[in-house]
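These notes concern the structure reproduced below.
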Amino acid sequence: MPALATPEQQNEVSAAISERLPAKPRDSFRPTAALTAVFSALTTINSLWWVLSPQHTLAPVLFAWLLLTALLGLVSLVGSSRAAHRPIQWLTWLAQPLGIAVIALVNTTYADWVGWANLACSVATTIVTGLVAYMAYNSDISTPKAQTNSKLADFRVLMKFRIISLLLLTTLIPMYLANGGEWPKFYIVVLTLLGGTLAAGGANAINMFYDRDIDAVMSRTKKRPLPNNRLTQWEVLGFGLTLSVLSFLVLLPVNLLTAILAVSGIFYYVVIYTMWLKRTTVQNIVIGGAAGAIPPMVGWAAGTDINLFVDSPIKWLPAVFLFAIVFYWTPPHFWALAIIRREDYAKAGVPMLPVVKGEAETRRQIVLYTFIMIALSFMLVSLQVVGLLYLGLAMVLGAIFLYYAANMMRDHSHAAAWKLYRYSLLYLALLFVAMGIDRALLG
Ligand code: HEM
Ligand SMILES: CC(C)=CCC/C(C)=C/CC/C(C)=C/COP(=O)(O)OP(=O)(O)O
């Protein structure tokens with residue numbers, strides 16, 4: 001019978017496994033290409049709906065989200081495609097103006113030619129992005145990230161676009177709900193999403209400026225532009241501050257409260273979380289998580305003209321619940337990852353829960369926060385913001401979340417933690433989409 005490993009040996013093995021986990025556990029180009037093609041195809045369905053429906057409504061709830069994701073996908077494809085072969089490069093460049101035309105050709109006052117031109121561009125974008133995805137899977141492209149060396153790509157890395165895409169979804173759907181189940185004016189939606197991107201991107205860049213010392217120590221973050229000396233600290237800080245100021249200016253025309261909320265989100269994330277709590281307390285991400293929960297409030301403020309001093313609290317109560325859902329979602333989302341990256345955080349001296357209280361306590365707290373999050377997700381129904389369809393979907397999505405969280409109590413492998421981390425992202429996206437669908441279908 002083989003001898004059992006000592007705790008020290010087990011630790012060595014787990015450190016070795018951790019070290020071998022890539023900073024990003026995937027080659028991002030192929031899935032990004034595939035997702036972009038799928039989203040482009042869904043956008044085409046929306047365009048078709050717009051042209052053919054009797055009132056030429058822009059109603060499908062996913063409309064703006066699909067456009068946005070397709071655009072974000074296209075932006076990231078451009079960065080990635082430099083490493084791929086020439087035809088892929090040309091096609092991704094061709095997809096840019098097409099994708100932009102799809103967005104530009106959306107007009108709330110429907111004109112026949114606009115609708116058909118929009119449809120034509122959507123179809124063309126779908127064909128082009130479909131080809132890119134096909135070629136990506138059928139050619140020997142290497143991981144683009146490692147070969148990336150342009151400044152533009154580095155600035156893009158500072159913004160953390162993938163995180164932004166989920167933050168924007170949690171901004172977009174509340175906008176729709178707050179406006180009574182209708183999209184606000186098109187320019188309001190666009191300015192809010194643009195302002196949200198600038199605010200979160202700016203905040204993330206300033207976070208990378210401040211954390212440059214610990215980012216250099218952790219294997220997950222050591223390839224970032226600052227620890228790798230691809231950008232100077234002043235470039236990073238200047239970029240972050242510029243985006244932050246721009247976000248305020250872009251959001252002002254939406255309304256003052258929206259702009260102020262976004263700037264408080266930047267302040268909270270940068271000053272309260274990054275500069276203060278992250279390095280000093282084990283409650284860092286519990287209290288700090290409030291920053292990531294502000295975007296739904298930004299969306300709510302953009303979708304309705306709330307005056308906090310005059311209006312009844314009932315008008316903004318749903319926004320508080322949306323905030324709370326993301327607030328209680330953050331610890332399970334992050335701690336699952338923190339368990340996998342425990343060694344990293346310990347090396348950098350960041351007092352994350354698994355480092356300070358151990359993995360068993362972290363697992364217990366993940367389950368606890370999951371229960372609270374699920375209970376809160378049901379509360380929106382009692383406020384009559386959403387109905388029974390949402391309730392059913394929230395129950396199913398919540399039950400799966402609980403399954404993955406509870407599974408971590410008996411399965412202590414990193415694989416089990418990865419499953420919860422990955423599902424946490426899907427959960428939040430689907431929960432917000434469920435709110436929108438419920439409102440769109442049931443009114
Ligand atoms: C204090 C709060 C939060 C902390 C500490 C946190 C931490 C993290 C960390 C460390 C990662 C891994 C990033 C990487 O691989 O480089 C991550 C990934 C991610 N987080 Fe969070 N997160 C928080 C809140 C949020 C919020 C509010 C959202 C969106 C609503 C969000 C969305 C995402 C997404 C989409 C990813 C995947 C990124 C990718 O695949 O590149 N996070 N989070
Ligand atoms: C309204 C508004 C602009 C709100 C701000 C929302 C925002 C930018 C949330 C980001 C959450 C996040 C990625 C935390 C990780 O920080 P970390 O420093 O722990 O992660 P890292 O180690 O990957 O840098």
Side-chain angles (χ1 to χ4, degrees), residues 32-78 81 87-135 165 168-169 171-173 175-197 250-251 253-254 299 302-303 433 436-437 439-441 443:
T32 309
L35 259 183
T36 309
V38 170
F39 279 121
S40 302
L42 290 170
T43 305
T44 305
I45 297 174
N46 269 286
S47 305
L48 198 63
W49 175 303
W50 190 32
V51 173
L52 297 182
S53 67
Q55 285 90 29
H56 302 302
T57 48
L58 279 171
V61 65
L62 298 179
F63 185 77
W65 163 239
L66 292 173
L67 286 179
L68 177 85
T69 318
L71 188 68
L72 284 179
L74 291 172
V75 169
S76 56
L77 276 180
V78 164
S81 65
I88 293 187
Q89 268 182 20
W90 291 334
L91 285 173
T92 47
W93 279 109
L94 177 62
Q96 301 303 307
L98 287 173
I100 290 166
V102 174
I103 295 180
L105 287 166
V106 172
N107 200 317
T108 39
T109 49
Y110 180 86
D112 259 353
W113 74 269
V114 178
W116 288 106
N118 172 285
L119 180 61
C121 289
S122 298
V123 171
T125 313
T126 307
I127 294 172
V128 170
T129 52
L131 265 174
V132 170
Y134 177 80
M135 290 164 94
S165 66
L168 288 186
L169 179 64
T171 307
L172 180 71
I173 302 290
M175 232 188 294
Y176 177 78
L177 300 177
N179 197 35
E182 275 178 35
W183 290 113
K185 289 197 186 75
F186 187 64
Y187 84 90
I188 296 278
V189 177
V190 171
L191 284 184
T192 309
L193 295 181
L194 181 64
T197 305
V250 166
L251 289 172
V254 175
V433 167
I437 290 179
R439 196 65 204 239
L441 295 182

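In what follows, every heavy atom counts, from backbone to side chain, and hydrogens, waters and symmetry copies are set aside.
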Exercise: identify the closest heavy-atom pair between [X] and [Y]:
{"X": "Ala37", "Y": "Thr129", "value": "CA-OG1, 3.5 Å"}
{"X": "Thr126", "Y": "Ser40", "value": "OG1-O, 3.2 Å"}
{"X": "Met175", "Y": "Val189", "value": "SD-CA, 4.0 Å"}

Roughly how far apart are [X] [atom1] and [Y] [atom2], rounded to 0.5 Å?
{"X": "Phe39", "Y": "Asn46", "atom1": "CZ", "atom2": "CG", "value": "11.5 Å"}
{"X": "Leu172", "Y": "Trp183", "atom1": "CG", "atom2": "CH2", "value": "4.0 Å"}
{"X": "Leu251", "Y": "Leu193", "atom1": "CG", "atom2": "CG", "value": "10.0 Å"}
{"X": "Leu131", "Y": "Thr92", "atom1": "CG", "atom2": "OG1", "value": "12.0 Å"}
{"X": "Thr197", "Y": "Leu168", "atom1": "OG1", "atom2": "CG", "value": "4.0 Å"}
{"X": "Ile173", "Y": "Ile437", "atom1": "CD1", "atom2": "CD1", "value": "8.5 Å"}

Apply side-chain contact (heavy atoms from CB on, under 4.5 Å) to [X] and list each qualifying residue two or more places apart in sequence or on a separate chain.
{"X": "Tyr187", "value": "Lys185, Leu191"}
{"X": "Leu194", "value": "Leu198, Val250"}
{"X": "Ser122", "value": "Thr43, Thr44, Ser47, Val102, Asn118"}
{"X": "Ala117", "value": "Leu105, Trp113"}

_Less than 4.5 Å apart, side chain to side chain, heavy atoms only: is that true for Val128 and Thr125?_
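When only atoms from C-beta onward are counted, Thr125 and Val128 do not touch, as no gap falls below 4.5 Å.
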*asked:* Could you work out, with side-chain hydrogen bond (donor to acceptor under 3.5 Å, both in side chains) as the rule, every residue matching Thr192, not counting sequence neighbours?
replied: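 By the side-chain hydrogen bond (donor to acceptor under 3.5 Å, both in side chains) rule, Thr192 matches no residue at all.
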